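Values in this document were obtained by computation on a predicted structure and should not be read as measured data.
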Amino acid sequence: MPTTRRNLTVNRARLAHKIGYALRHPGRVTPYLRRTGRDAWLRLKHRDHVAYYRAVMASDAARDPKAAVGSRSHERWLALGQMQFDYLTSHGLRPEHRMLDIGCGNLRAGWRFIQYLEPGNYYGIDISPDILISAKQTVVTYELQEKLPHLTITRDLTLDFLPSGHFDVVHAHSVFSHSPIGIIEECMAHVGRILAPGGFFDFTFDRTEGAEHQVLREDFYYRTETLISLAERHGLRARFMDDWEKLPHGQSKIRVSAPEGPDGPEDRRDRGDRGDQEEKNSPERPPLRR
């Protein structure tokens, strides 16, 4: 598949860029002006970012739940979900793993993860009640009820309602691209607690090699070293996933793991006697509750 071409030095917040973009894409001016008007109104109503972006999602989901998660069509929704699934299953995810999907949306990739994982092993969280209603409909559409997926609303990324050492894989696709740095740091400060030994956290972000900037309060662009340094400040290892760049997607990906573990989660089926002994010597991990 061809790679997505990106200008990694442009500052999309600058007026000169906006004027040039409008001249090159006149058909996108009206939708952008609508977004700008909505942004101004929601800024007045909601001072904190989570409340603001929850309102954005409610507005977008009311028109089209697939468009609310960034897919222009059902075919694109399927393709992006397949891309995430293929990448993660080829980079460590196994059916017996426990997975937390941060910003699960309407299960664009989530329904494939639910289908692949053992029953009860998928846990999706999102800030938007509107998009979670759509997610539950996706469960029905793909007849995944017997897989017992957990779908829960949240208002922050402290992850305080989740058990320690529980998740082999944590996944956040197109979440940090819409998050100010304070929310990303909140996640980095707490994600290590919920990772199982050898677990990892994959996330995408809008990358820039120029000045970090934002467009409205919806899109945030970060340098790779900023996010890697942030993870390291919280005692985590982080590395840029170069092979993700070969895929037709506009964002970049970083993998975070605890320093004492390997780059990917341990396969419980291959732990042998050592794994059995660990199970005997340690208390059973508590099950997740809805």
Inset, instruction - Might you confirm whether atom CZ of Arg155 has over 12 heavy atoms from other residues, nucleotides or ligands at distances under 6.0 Å? - result: no
Inset, instruction - Decide if atom CZ of Arg43 counts as having more than 12 heavy atoms of other residues, nucleotides or ligands within a radius under 6.0 Å. - result: yes
Legend entry - By side chain to side chain donor-acceptor pair (under 3.5 Å) - contacts of Tyr52 (at least two apart): Asp39
Legend entry - Counterpart residues, side chain to side chain donor-acceptor pair (under 3.5 Å), relative to Thr141 (two or more places apart): none
Legend entry - Lys/Arg N to Asp/Glu carboxylate O, Arg108 vs Asp101, below 4.0 Å: no
Legend entry - Glu96 backbone acceptor or donor facing Asn121 side chain under 3.5 Å: yes
Inset, instruction - Using atom types as modelled and distance alone, determine if a side-chain donor or acceptor of Arg98 lies under 3.5 Å from a backbone N or O of Tyr123. - result: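 A pair under 3.5 Å: no.
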Below 30° counts as parallel, above 60° as perpendicular, anything between as tilted: where do the rings of [X] and [Y] land?
| X | Y | answer |
| --- | --- | --- |
| Tyr116 | Phe85 | perpendicular |
| Phe113 | Tyr122 | parallel |
| Trp77 | Tyr142 | parallel |

Inset, instruction - Could you name each residue pair satisfying side chain to side chain donor-acceptor pair (under 3.5 Å) that touches residues 182-192, not counting sequence neighbours? - result: Glu185-His234
Legend entry - side chain to side chain contact (heavy atoms under 4.5 Å, CB included) partners for Pro119, two or more places apart: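 If we apply the side chain to side chain contact (heavy atoms under 4.5 Å, CB included) test to Pro119, skipping adjacent residues, the hits are Lys147.
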Inset, instruction - Just jot down the side chain to side chain contact (heavy atoms under 4.5 Å, CB included) partners of Ala231, sequence neighbours excluded, or say none. - result: Met188, Leu236, Ala238, Val256
Inset, instruction - Report the residues that fulfil salt bridge (charged side-chain N to carboxylate O under 4.0 Å, His left out) with Arg35, sequence neighbours left out, ordered by chain and then residue number. - result: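 With sequence neighbours excluded, Arg35 shows a salt bridge (charged side-chain N to carboxylate O under 4.0 Å, His left out) to Glu218, Asp219, given in chain and number order.
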Inset, instruction - Just jot down the salt bridge (charged side-chain N to carboxylate O under 4.0 Å, His left out) partners of Arg34, sequence neighbours excluded, or say none. - result: none
Sequence neighbours excluded and cut-off under 3.5 Å, please list the side-chain donor-acceptor pairs for residues 198-213, or say none.
residue, atom, partner, partner atom, Å
Asp202, OD1, Arg255, NE, 2.6
Asp202, OD2, Arg255, NH2, 2.9
Thr204, OG1, Ser174, N, 2.7
Thr204, OG1, Gln251, OE1, 2.7
Arg207, NE, Ser252, OG, 2.8
Arg207, NH1, Glu209, OE2, 2.9
Arg207, NH2, Glu245, OE1, 2.9
Thr208, OG1, Leu8, O, 3.2
Thr208, OG1, Gly210, N, 3.0
Glu212, OE2, Arg223, N, 2.8
Glu212, OE2, Thr226, OG1, 2.5
His213, ND1, Ala211, O, 2.8
His213, NE2, Arg12, N, 3.2

Inset, instruction - Share the residues that join Ile133 in a hydrophobic cluster, the rule being Ile, Leu, Val, Met, Phe, Trp or Tyr side chains under 4.5 Å apart at the heavy-atom level. - result: none
Legend entry - Residue list, ring pair (Phe, Tyr, Trp, His ring centres under 6.0 Å) with Tyr87, at least two apart or on another chain: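 So Tyr87 forms a ring pair (Phe, Tyr, Trp, His ring centres under 6.0 Å) with His91, Trp244.
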Scan the side chains in residues 26-33 for donor-acceptor partners under 3.5 Å anywhere in the protein, sequence neighbours excluded, and list what turns up.
residue, atom, partner, partner atom, Å
Arg28, NH1, Tyr21, OH, 2.4
Tyr32, OH, Lys18, NZ, 3.4

Inset, instruction - Check each of Leu78, Leu144, Leu117 against Arg112 using the side-chain contact (heavy atoms from CB on, under 4.5 Å) test, and report the only one that passes. - result: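 For Arg112, the side-chain contact (heavy atoms from CB on, under 4.5 Å) test succeeds with only one of Leu78, Leu144, Leu117, which is Leu78.
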Inset, instruction - May I have all residue pairs that pass salt bridge (Lys or Arg N to Asp or Glu O under 4.0 Å) and include part of residues 124-138, sequence neighbours excluded? - result: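 Matches after skipping sequence neighbours: none remain.
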